[in-house]
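Keep in mind that this is a model prediction, so the values were computed, not measured. Residues take their numbers from the sequence shown, with the count starting at 1.
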Amino acid sequence: MHNTRSLSEYTLEVLQEEYAVTFFQRFGELPKPSFMSRDELISQISRMRSFLYSEQDALADYNRSSAHS
C-alpha cells in the first residue's frame, strides 16, 4: 500500500494541526473549522506565537518587578 498524499497536502495538514494547537494555547479553546491557505496558516500561527511570547515577557517583567518590591 502506497501513501498517495502529496507533500503539499501533508504540509497543509501539519500546519492546520499547528494552528489548532497554537490557537488553543492562546485562547483556551479549539478554533472553529475553516479553510485557510498555507500562507494564511503560517501568518496566523506567527501572529499568535508573537502575542503569546509578548504575554510571557510581560508576565516575566511583572514577576521580576514584584519580587523586588
Below 3.5 Å, can you tabulate the donor-acceptor pairs from side chains in residues 12-19 to any protein atom, sequence neighbours excluded?
| unit_1 | atom_1 | unit_2 | atom_2 | d |
| --- | --- | --- | --- | --- |
| Glu13 | OE1 | Arg5 | NH1 | 2.4 |
| Glu13 | OE2 | Arg5 | NH1 | 3.2 |
| Glu18 | OE2 | Thr22 | OG1 | 3.2 |
| Glu18 | OE2 | Arg49 | NH2 | 2.4 |

Original post:
Going from CZ on Arg26 to CG on Leu52, what distance comes out if it is rounded to the nearest 0.5 angstrom?
Top reply: 6.5 Å
Subject >> Listed once per pair and sorted, the ring-ring contact (aromatic ring centres under 6.0 Å, His included) pairs that draw on residues 30-56, sequence neighbours left out >> reply: none
**OP:** Supply the atom-to-atom distance Ser46 OG to Ile42 CD1, rounded to the nearest 0.5 angstrom.
**Re:** 7.5 Å
Original post:
Would you call Phe27 and Met48 a side-chain contact if the rule is heavy atoms closer than 4.5 Å?
Top reply: yes
